[in-house]
2 protein chains.
Amino acid sequence: MKPLHHPRAEDLSIYAVLHALAEPARMTIVRRLVEADGKPCGTFGINLSKSTLSAHFKVLREAGIIRQEVAAGNSRVNTLRREELDARFPGLLDSIVHAVEQSEPALPPV
Amino acid sequence: MKPLHHPRAEDLSIYAVLHALAEPARMTIVRRLVEADGKPCGTFGINLSKSTLSAHFKVLREAGIIRQEVAAGNSRVNTLRREELDARFPGLLDSIVHAVEQSEPALPPV
DNA sequence: CCGTATGTTCGCTGATTGGCGAACACTCGA
DNA sequence: TCGAGTGTTCGCCAATCAGCGAACATACGG
């Protein structure tokens with residue numbers, strides 16, 4: 001497993017972040033990470049093909065929202081880049097996640 | 001001038017809001033309204049064609065971010081739907097606008 | 001009534017998006 | 001060594017997006 005490229009915190013674009021979160025499947029990924037950080041790609045309970053999911057993870061990673069690191073075996077652990085996001089865009093992630101939590105049904109258990 | 005359709009506050013979608021704001025020209029419109037609310041379409045200092053601008057206003061309006069009302073003459077006054085947005089998505093608009101203000105140069109005077 | 005000014009709508013275009021399956025890369029266990 | 005499991009990459013496709021000019025609608029002023 002090759003390590004993937006992650007943008008530096010100071011290079012994050014607010015437009016890339018908003019675009020990444022303006023999509024239900026990607027928002028679901030983020031919500032899952034908020035409730036339990038550090039999950040492998042296959043454990044998000046999203047009914048999409050592997051390739052589509054992989055593309056969504058890539059969008060989130062390139063927007064600087066998540067980190068994808070090589071884990072035991074051939075899996076990747078996905079984590080939120082929360083400190084860096086909060087430092088650069090204070091309150092942003094919280095208000096967005098709160099907005100979706102309160103305007104959409106809770107996610108079913110995995 | 002026909003009045004335009006505006007979605008009800010309780011029907012606003014977080015995805016529509018994020019998508020609307022994930023575009024620089026539309027973000028500029030919102031920033032202008034934050035600094036001075038109630039401006040006609042032609043006064044935003046954005047270098048795009050009339051038709052493109054009109055389309056951007058439409059996206060913002062249909063996302064529930066702005067209100068476009070018939071004004072004196074044939075112009076439309078654009079205002080932020082701030083109270084409704086804040087009621088439905090608390091803190092969202094503020095944190096997004098703050099994020100872009102602090103990560104991008106200030107807008108030039110009109 | 002006729003020009004000017006403000007916006008909207010209607011094609012059209014090229015670029016991006018989100019979806020998929022197939023193929024590939026890699027690691028772990030049997 | 002050989003599956004099985006996990007993820008990425010590569011085409012491909014249909015849909016959406018952002019841009020434009022031209023044409024239309026409407027209102028004000030001379």
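To find a chain, count down the sequence lines: A is the first, B the second, and so on, and within it residues start at 1.
The side-chain hydrogen bond (donor to acceptor under 3.5 Å, both in side chains) analysis of residues 17-28 of chain A, with sequence neighbours excluded, yields the pairs Arg26(A)-His56(A). Listed by first then second residue, pairs satisfying salt bridge (charged side-chain N to carboxylate O under 4.0 Å, His left out) with a partner in residues 95-110 of chain B read Arg31(B)-Glu101(B), Arg31(B)-Glu104(B), not counting sequence neighbours.
Taking atom CD on Glu62(B) and atom P on dT16(D), their separation rounds to 14 Å, with Å as the unit. Atom CD of Glu69(A) and atom C1' of dG7(D) are 16 Å apart (whole Å). One atom, CG of Leu48(A), and another, C1' of dG21(C), lie 14 Å apart when rounded to the nearest Å. One atom, CG of Asn78(B), and another, P of dG7(C), lie 8 Å apart when rounded to the nearest Å. For the pair Ile29(A) CD1 and dG7(D) C1', the computed distance is 13 Å after rounding to whole Å. For the pair Lys2(A) NZ and dC24(C) P, the computed distance is 15 Å after rounding to whole Å.
Against DNA chain D, the stretch residues 18-28 of chain B makes heavy-atom approaches under 4.0 Å through His19(B), Glu23(B), Arg26(B).
The other members of the hydrophobic cluster of Val70(B), by chain and number, are Met1(B) (side-chain heavy atoms under 4.5 Å, ILVMFWY only).
Under 3.5 Å, the side chains of Gln68(B) and Arg76(B) contain no donor-acceptor pair of N or O atoms.
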Which pairs, protein N/O on one side and nucleotides 8-10 of chain C N/O on the other, fall under 3.5 Å?
residue: dT8(C); atom: OP1; partner: Arg76(B); partner atom: NE; Å: 3.0
residue: dT8(C); atom: OP2; partner: Ser54(B); partner atom: OG; Å: 2.6
residue: dT8(C); atom: O5'; partner: Ser54(B); partner atom: OG; Å: 3.3

Between the protein and nucleotides 3-5 of chain C, list the N/O to N/O atom pairs that are separated by less than 3.5 angstrom.
residue: dA5(C); atom: N3; partner: Asn74(B); partner atom: ND2; Å: 2.9

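Scanning for side chain to side chain donor-acceptor pair (under 3.5 Å) contacts around His98(B) gives an empty result, with sequence neighbours left out. By the side chain to side chain contact (heavy atoms under 4.5 Å, CB included) test, Asp94(A) is found to be paired with Arg82(A), residues two or more places apart in sequence or in another chain being considered. Shown here are the salt bridge (Lys or Arg N to Asp or Glu O under 4.0 Å) partners of Arg32(A), two or more places apart in sequence or in another chain: Glu35(A). Take Glu83(B) and apply the salt bridge (Lys or Arg N to Asp or Glu O under 4.0 Å) test, not counting sequence neighbours, and it matches no residue. Arg67(B) is linked by a salt bridge (Lys or Arg N to Asp or Glu O under 4.0 Å) to Glu84(B), counting only residues two or more places apart in sequence or in another chain. Listed by chain and number, the residues in a side chain to side chain donor-acceptor pair (under 3.5 Å) with Ser51(B) are Ser49(B) (sequence neighbours excluded).
Between Ser49(A) and the phosphate of dC20(C), there is a side-chain N or O to OP1/OP2 separation shorter than 4.0 Å.
Contact of the Arg81(A) side chain with the Pro7(A) side chain is registered, since non-hydrogen atoms from C-beta on lie closer than 4.5 Å.
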